[in-house]
Trainee: 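Here it is, the structure, as structure tokens.
Letters A, B, ... are given to chains in the order of the sequence lines, protein chains preceding strands, and every chain is numbered from 1.
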There are 2 protein chains.
Amino acid sequence: MIRILLAEDQAMMRGALAVLFGLEDDLEVVAQVGTGTEIVPTALEVRPDVALLDIELPGISGLEAARELRASIPECRVMILTTFSRPGYVRQAMAAGAVGFLVKDGPVEELADAIRRVLRGETVLDPGLAAATLRAAPNPLTARERDVLAASEDGSSIADIAGQLFLSPSTVRNYLSAAIGKTGTRNKTEAALTARRNGWLA
Amino acid sequence: MIRILLAEDQAMMRGALAVLFGLEDDLEVVAQVGTGTEIVPTALEVRPDVALLDIELPGISGLEAARELRASIPECRVMILTTFSRPGYVRQAMAAGAVGFLVKDGPVEELADAIRRVLRGETVLDPGLAAATLRAAPNPLTARERDVLAASEDGSSIADIAGQLFLSPSTVRNYLSAAIGKTGTRNKTEAALTARRNGWLA
DNA sequence: ACCCACCACTGACAATTGTCACCGTCGGGT
DNA sequence: ACCCGACGGTGACAATTGTCAGTGGTGGGT
């Protein structure tokens, strides 16, 4: 019996997956959580064989949780199940020690089998996605550049960002200018958008 | 047997829902589509009792498709199933003649029952959501203001928007200024963001 | 006939944003 | 000891953006 922990914020998706796994006689969902914060404590309690994690969750992200899981329960296999096949996400997932990366665009039928393959020691990663990730440029942004871009995502002015990060407005403008240059865009809105799309901000 | 048409762009979600409905002995998924464009043609072919539509789909939106469905197949009940409980979405759905509005945050268990209730002639709409929608201000934006906001969502400059809409840059700035005023925001990025969040742009 | 809202545009002005050149500090490599 | 990159900052300048006051035109009510 393969014991599964399910982390996914959309209740309907989470419930549907749980029902599907319940139909397979070698799979068993032993825990369901809707936030990133619950992942590690719950895993410590139920000791699952596999953790199937969404990335964009309330609280900490699935990627962050994956890193912590590897450290605290090394024998638990981590798989990522996400909407977005962003190169940066794939990179981070692999770096975090995940052994599977699935997109919600794919067919449900393959899901159960992917879990079984991971348990047999295989790594599940779509070849096209792997190639695209390798083709794509790795994250060129520094930590501070990521900070200012993340802070500018809600349309904040430079003064706002400076206030949030306790920096001078001029400094913020310099980081933004650098980020705009590195992303090949024309203003902070475009820069934040492409950084987000590439998975450089999570 | 209740004949269902399922429109949802995430293949995994779509497949999972289809499996779930297949477990109920009075429900039958007679068609699945992943784009808005396919909805009406497919419905004309299979003549479903209920169409369960996501809103944000490639091609035309589920709301647009709902309007067309009401016109071409009046006996088909339309239900909306969406991630976002935006007031503008609820308003448009009801105006389009939908008899159900469900959010993906809710439990799966209620889904099948919601469909049965709609078939009995009931309208399925969360009371809290209905109240929130009535409390929220209706869309204050004119058609042109919506146009310029939609065009500015990707970080385009005013000159870009003017080019896209065949307007003078000054005109675009005026519409943006009006939209910024009406949304109570401070720049076009914030304005586009709040308009989108309220469901004023779909 | 009149008002009103929306559309499209212009021009002037102030504020914000983006670029650039430059200053210094700190910590890692080699 | 030296170089390099990231960090934090300043000041100057140009470009973009946001505001405001106008000018018309259209079409729908009353």
Trainee: Show your reasoning for whether side chain to side chain contact (heavy atoms under 4.5 Å, CB included) applies to Val19(B) and Leu20(A).
Mentor: CA-CA 8 Å; Val19(B) 174; Leu20(A) 288 186; 3.3 Å; yes
Trainee: Between Glu190(B) and Thr183(B), does any side-chain donor sit less than 3.5 Å from a side-chain acceptor?
Mentor: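 No donor-acceptor contact under 3.5 Å links the two side chains.
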Trainee: Can you tell me which residue among Met79(B), Arg77(B), Glu110(B), Glu24(B) is in a side chain to side chain contact (heavy atoms under 4.5 Å, CB included) with Ile115(B)?
Mentor: Met79(B)
Trainee: Give, ordered by number, those residues of residues 145-159 of chain B having at least one heavy-atom distance below 4.0 Å to an atom of DNA chain D; if nothing qualifies, reply none.
Mentor: Ser157(B), Ile158(B)
Trainee: Taking only N and O in the side chain of Thr142(A), is any of them less than 4.0 Å away from OP1 or OP2 of dG5(D)?
Mentor: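 No, because none of the side-chain N or O atoms of Thr142(A) sits under 4.0 Å from OP1 or OP2 of dG5(D).
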Trainee: Return a table of donor-acceptor pairs under 3.5 angstrom between the side chains of residues 88-97 of chain A and protein atoms on other chains or two or more places apart.
Mentor:
{"from": "Tyr89(A)", "atom 1": "OH", "to": "Glu56(A)", "atom 2": "OE2", "distance (Å)": "2.7"}
{"from": "Tyr89(A)", "atom 1": "OH", "to": "Arg86(A)", "atom 2": "NH1", "distance (Å)": "3.1"}
{"from": "Arg91(A)", "atom 1": "NH1", "to": "Thr133(A)", "atom 2": "O", "distance (Å)": "3.4"}
{"from": "Gln92(A)", "atom 1": "NE2", "to": "Gly199(A)", "atom 2": "O", "distance (Å)": "3.4"}

Trainee: Go through the side-chain N and O atoms of Glu64(A) and Ser61(A) and say whether any donor and acceptor fall under 3.5 Å apart.
Mentor: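 Glu64(A) vs Ser61(A): no donor-acceptor pair found between side chains.
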Trainee: Of the options Ile80(A), Leu111(A), Val29(A), which is the one that meets Leu52(A) in a side chain to side chain contact (heavy atoms under 4.5 Å, CB included)?
Mentor: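 In the set Ile80(A), Leu111(A), Val29(A), the residue that makes a side chain to side chain contact (heavy atoms under 4.5 Å, CB included) with Leu52(A) is Leu111(A).
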Trainee: Report for the helix from dA1(C)-dT30(D) to dT30(C)-dA1(D): angle between first-end and last-end helix axes, five pairs each, rounded to 10 degrees.
Mentor: 30°
Trainee: Under 4.0 Å from a heavy atom of chain B: give me the 5'-most and 3'-most nucleotides of DNA chain C that qualify.
Mentor: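 Contact span on the strand: dC6(C) to dA12(C).
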Trainee: Under 4.0 Å between a side-chain nitrogen and a carboxylate oxygen: does that hold for Arg14(A) and Asp54(A)?
Mentor: no
Trainee: Please check: side-chain N/O of Asn139(B) versus main-chain N/O of Trp200(B), any donor-acceptor pairing under 3.5 Å?
Mentor: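 Yes; at least one donor-acceptor contact below 3.5 Å.
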Trainee: Under 3.5 Å, which donor-acceptor pairs link side chains of residues 163-178 of chain A to any protein atom two or more places apart or in another chain?
Mentor:
{"from": "Ser168(A)", "atom 1": "OG", "to": "Ser170(A)", "atom 2": "N", "distance (Å)": "3.1"}
{"from": "Ser168(A)", "atom 1": "OG", "to": "Thr171(A)", "atom 2": "N", "distance (Å)": "3.4"}

Trainee: With the threshold set at 4.0 Å, does a side-chain nitrogen-carboxylate oxygen contact exist between Glu122(A) and Arg117(A)?
Mentor: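 So Glu122(A) pairs with Arg117(A) through a salt bridge.
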Trainee: Under 4.0 Å, heavy atom to any atom of DNA chain D: which of residues 164-191 of chain A qualify?
Mentor: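 Leu167(A), Ser168(A), Ser170(A), Thr171(A), Arg173(A), Asn174(A), Tyr175(A), in order of number.
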Trainee: Within a 6.0 Å radius of atom CD on Glu45(A), are there more than 12 heavy atoms belonging to other residues, nucleotides or ligands?
Mentor: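 For Glu45(A), atom CD is not crowded (no more than 12 foreign heavy atoms under 6.0 Å).
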Trainee: Evaluate side chain to side chain contact (heavy atoms under 4.5 Å, CB included) for Lys188(A) paired with Ile158(A), printing each intermediate quantity in order.
Mentor: CA-CA 10 Å; Lys188(A) 60 177 155 59; Ile158(A) 288 181; 4.1 Å; yes
